Amino acid sequence: MDLLDNLALGFSTALGFQNVLYCFVGVLLGTLIGVLPGLGPVATIAMLLPITFGLEPVSAVIMLAGIYYGAQYGGSTTAILINLPGESSSVVTTLDGHQMAKQGRAGAALVTAAVGSFFAGSVAIIVLALFAPPLARFALEFGPPEYFALMVLGLIASVALASGAIIKALAMVVLGLLLGLIGRDLNTALPRMTFDLMAMIDGLQFVAIAMGVFGLGEIIRNLDSEQLSRGTVAKVGRLMLTREEARAIVKPILRGTVLGSILGILPGGGALLASFGAYTVEKKVSATPERFGKGAIEGVAAPESANNAGAQSSFIPMLTLGIPPNPVMALLAGALILHGIQPGPNVISEQPTLFWGLIASMWIGNLMLLILNLPLVGMWVRLASTPYHLLFPVIVVFCCIGVLSVNNATFDVLVMIGAGVIGYILLKLDCEPAPLLLGFILGPMLEEYLRRTLLISRGDPSVFFTRPLSATLLAFAVLLLVLMVLPSIRSRTNEALKE
Amino acid sequence: MLGWLSRRNLKDVLAGLLFIAIALILGWQASLLPFGTAMRMDAGYFPLVLSSLLGLLGVANLIKGLVQENDGTAIGFKLVALAPIVVGTMFFALTVRGLGLGPTTFVTAFVSAFASRYFRPLVALGLAGLLSVFCVVVFVYGLGVPLPVFGPWLGN
């Protein structure tokens, strides 16, 4: 059994003292930022990235991954107890979770969220272990046209899932691609769009852009609508489920797990989409949809399972195809590249300890979260009540130090400030930043595959449509674009995302 | 004219103008590079194609904004929130090597704190003090970030 050998390898890696420690630090930090409103996993991972440079790549990825799925656990706690989603993916949990808390069933809601997350996480990890290796083997057959087509599809999908107008999201993707091309051209070594600045020859730092937009830009936007009001903290009560409650959550957890695992793999997907999707589905299949929003336990179980499943399964496209489906994965891909590992179909075969160690660590991390979180609820709630005006100067300073220490270049801090200001303006103009970040990561790769394709075909673009796989992928991309332009469907998806 | 303009969808108009401006700047930079042919793309090919695309999308946004009526939401940029953060981080970028991490973090945190409407000078001072000590201990002594605690401008 190959799989068992691989898992054994994974667990022997992940159970090393160091890696257990980094996994623990990762999930603890993840829970912390999941609890704190106004600080998301993208900004946190970007801030901590420099610290991981000195680590082994495995340990670094284990810790960074822990932050992402840890945040899914943490977000639910404050959503339920204070009606404050610490994480965007737990917004839907506030709907029924806080209602349950008001009715004195906070303990049940917390247990549901924790058990659902753990179950969903475990299943998604198995999905990852089973499907990633064959997918990677399949991807090894891909030529440049297929990769190009796949990236186009991924970018279009990220546009489809962005809220707001399509033209703006498309423009954000193109802007991201362009910014990604700044610096030395891979083929000709000519510096491009650098304004003759030496500092720009190696391009703009991904971390600086990510931290500018998701760190500073978000802070400024949070501040311009700042409110001191804090919800009242609900009493936790008994951390137990009644028999009826336990029976009621089984199916929603299963549905949320399946849906989350699938939605996590999709380009543009991940925890956020998964939680919204699961809530909508749960309401649809329920015999008593009127209970939703008034403390239905299914409305906690399904999205909380789905967001954790989605967080884990979104590793699949990044690790097997080298195409990050969401900004967090884009950051992790960036982290791997900084460690000298090119994300793509070769990761599993060339870095088996990294891949299987990561998978094993995810399960260990999920177990830690299940055991740790419930006893620590009191501490998390106290932390979440930290007023934002005491929190944001700390984040600002950490962003500065973090960006500076990536390359020890002051210029990167200036890039971050610029990205923060432009990011704030774009946020205010309803332009969502996630597509920009994906474009930024994919820009150089997209160009490289386009170049190779056209070099092989002697400049004939029809090759994209004569090779069956790339034709299919591009057809999907076009179909998606057409569907988006049709306004009726657009407004319906917007409603679904808002619900 | 101005009255008519103010009833348009200003968010789209501004986003369009912003995209057009960026497209022009980056397109100009890309046009300085050799273009090549589709078969052998040179350094300028893809950037110029993308800048043109961005410009077109910018124009589309602009037109869309001019055609649409304002939906009643104001944009409301808040300079009060923006300026302290920019000044604080700029101060960090320009002085961290000269003054060292300790003093710089102190000033950056204090200046940034002005961005909140719940700013209280004493609270901010205390926070900045604690934070700078924390950063020095964790980043310089703990993680070995190669920055001085007190820099050469302070006679070290």
Side-chain angles (χ1 to χ4, degrees), chain A residues 50-51 165 167-168 170-171 174-175 177-178 181-182 185 187-188 190 192-195 216 219-221 223-224 226 228 387-390 392-394 396-401 404-405 408 410 413-414 416-417 420-422 424-426 428-431 446-447 450-451 454-455 457-459 461, chain B residues 11-12 14-15 18-19 22 26 29-30 33-34 37-44 46-47 50-51 53-54 57-58 60-61 64 75-78 80-82 85-86 88-90 92-94 96-97 101 105 108-110 112-113 115-119 123-124 127-128 131 135 139 143 145-146:
Chain A
I51 300 176
I167 314 179
K168 284 183 191 167
L170 275 174
V174 178
L175 178 58
L177 291 170
L178 263 172
L181 295 180
I182 289 179
D185 176 22
N187 284 14
T188 61
L190 280 174
R192 300 196 282 187
M193 301 182 277
T194 57
F195 304 90
L216 293 188
I219 289 178
I220 302 170
R221 190 182 56 172
L223 285 172
D224 78 15
E226 191 189 6
L228 198 56
Y388 196 63
H389 64 272
L390 296 181
F392 82 88
V394 180
V396 170
V397 167
F398 283 3
C399 283
C400 288
I401 300 178
L404 181 68
S405 50
N408 208 9
T410 325
V413 184
L414 297 176
M416 175 185 74
I417 300 169
V421 173
I422 294 179
Y424 168 67
I425 294 173
L426 288 169
K428 293 295 277 188
L429 299 176
D430 296 339
C431 298
L446 193 70
E447 181 186 29
L450 181 63
R451 270 179 170 171
L454 291 181
L455 189 65
S457 76
R458 301 180 169 277
Chain B
K11 278 186 183 177
D12 281 9
L14 286 180
L18 186 64
F19 289 134
I22 298 176
L26 291 179
Q29 280 284 307
L33 295 160
T37 63
M39 183 180 146
R40 283 188 190 281
M41 288 184 199
D42 216 325
F46 202 46
L50 287 179
S51 321
L53 190 58
L54 182 61
L57 289 167
N61 249 313
K64 187 170 156 246
I75 306 173
F77 290 113
K78 294 259 171 55
V80 201
L82 180 74
I85 305 271
V86 172
T89 45
M90 273 295 196
F92 183 92
L94 300 178
V96 69
R97 288 194 203 285
L101 191 67
T105 13
T108 300
F110 183 70
S112 310
S116 167
R117 67 183 70 161
Y118 304 106
F119 172 78
V123 177
L127 179 70
L131 185 62
C135 285
F139 291 104
L143 295 165
V145 173

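Side-chain atoms are counted along with the backbone in the values below, which use heavy atoms only and exclude waters and symmetry mates. Please read these numbers as outputs of a predicted model, since none were measured by experiment. Chain A is the first sequence line, chain B the second, and so forth, proteins listed ahead of strands; every chain is numbered from 1.
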Scanning both residues in full, the closest heavy-atom pair of Ala171(A) with Leu54(B) reads O-CD1, 3.5 Å

What's the verdict on side chain to side chain contact (heavy atoms under 4.5 Å, CB included) for Ile401(A) and Thr105(B), showing C-alpha distance, side-chain angles and the deciding distance? CA-CA 9 Å; Ile401(A) 300 178; Thr105(B) 13; 4.0 Å; yes

Can you tell if the side chain of Leu190(A) reaches within under 4.5 Å of the side chain of Pro34(B), non-hydrogen atoms only?
yes

Cut-off 4.5 Å, heavy atoms of chain A, and the answer for Phe19(B) is side chain

When the 4.5 angstrom heavy-atom criterion is applied to Val80(B) and chain A, the contacting part is neither

In this structure, NZ of Lys428(A) is separated from NZ of Lys11(B) (nearest 0.5 Å) by 7.5 Å

Check against side chain to side chain contact (heavy atoms under 4.5 Å, CB included), Thr188(A) and Met41(B): CA-CA 10 Å; Thr188(A) 61; Met41(B) 288 184 199; over 6 Å; no

Taking every heavy atom of Pro393(A) against every heavy atom of Leu131(B), the minimum-distance pair comes out as O-CD2, 4.0 Å

Apply side chain to side chain contact (heavy atoms under 4.5 Å, CB included) to Leu26(B) and Ile182(A), showing your working.
CA-CA 9 Å; Leu26(B) 291 179; Ile182(A) 289 179; 4.3 Å; yes

Distance col, row Asp12(B):CG vs Asp430(A):CG, nearest 0.5 angstrom, shows 8.0 Å

I'd like to know if the side chain of Arg192(A) reaches the main chain of Leu33(B), judged simply by a donor and an acceptor atom lying under 3.5 Å from each other, with no hydrogens or angles considered. no

OH (Tyr388(A)) and OG (Ser116(B)) are apart, to the nearest 0.5 Å, by 10.0 Å

One option among Ser112(B), Gly88(B), Gly44(B) has the most heavy-atom pairs under 4.5 Å with chain A, and it is Ser112(B)

Of Leu170(A), Ile220(A), Asp185(A), Val394(A), the largest count of non-hydrogen pairs under 4.5 angstrom with chain B goes to Ile220(A)

Heaviest contributor of heavy-atom pairs below 4.5 Å to chain A, chosen from Leu14(B), Ile22(B), Asn61(B), Thr108(B), is Asn61(B)

- Classify the ring geometry between His389(A) and Tyr118(B) as parallel (under 30°), tilted (30 to 60°) or perpendicular (over 60°). tilted

Chain A shares the most heavy-atom pairs under 4.5 Å, among Arg97(B), Arg40(B), Lys64(B), with Arg97(B)

Taking every heavy atom of Pro47(B) against every heavy atom of Met193(A), the minimum-distance pair comes out as CB-CE, 3.7 Å

Heaviest contributor of heavy-atom pairs below 4.5 Å to chain B, chosen from Leu216(A), Leu175(A), Leu426(A), Val421(A), is Leu175(A)

Per-residue tally against chain A (heavy atom, under 4.5 Å) across Asp42(B), Val145(B), Val123(B) peaks at Asp42(B)

Output, in order, the C-alpha distance, side-chain angles, deciding distance and verdict of side chain to side chain contact (heavy atoms under 4.5 Å, CB included) for Phe139(B) and Ser405(A). CA-CA 10 Å; Phe139(B) 291 104; Ser405(A) 50; over 6 Å; no

When every non-hydrogen atom of Cys135(B) is compared with those of Phe398(A), the smallest separation belongs to SG-CE1, 3.8 Å

Cut-off 4.5 Å, heavy atoms of chain B, and the answer for Ile417(A) is side chain

Per-residue tally against chain B (heavy atom, under 4.5 Å) across Thr194(A), Ile422(A), Asn187(A), Leu404(A) peaks at Leu404(A)

So, the part of Leu181(A) with a heavy atom under 4.5 Å from chain B: the answer is side chain

Whatever's closer than 4.5 Å to a heavy atom in chain B on Cys400(A) counts as both

Ranked by heavy-atom pairs below 4.5 Å to chain A, first place among Ala115(B), Ala60(B), Ala30(B), Gly58(B) goes to Ala115(B)

Turns out that what part of Thr89(B) lies under 4.5 Å from chain A's heavy atoms comes down to both

Greatest number of non-hydrogen atom pairs under 4.5 angstrom with chain B, of Val413(A), Leu454(A), Leu429(A), falls to Leu429(A)

Output for pair (Glu447(A) CD, Leu50(B) CG), nearest 0.5 Å, gives 8.0 Å

Chain B shares the most heavy-atom pairs under 4.5 Å, among Leu177(A), Leu446(A), Asn408(A), with Asn408(A)

To the nearest 0.5 Å, atom CG of Leu223(A) lies from atom NZ of Lys78(B) at 10.5 Å

Interface check, chain A: of Ala128(B), Ala109(B), Ala124(B), most non-hydrogen pairs under 4.5 Å belong to Ala109(B)

Minimal heavy-atom distance between Ala93(B) and Thr410(A), with the atoms involved, is O-CG2, 2.6 Å

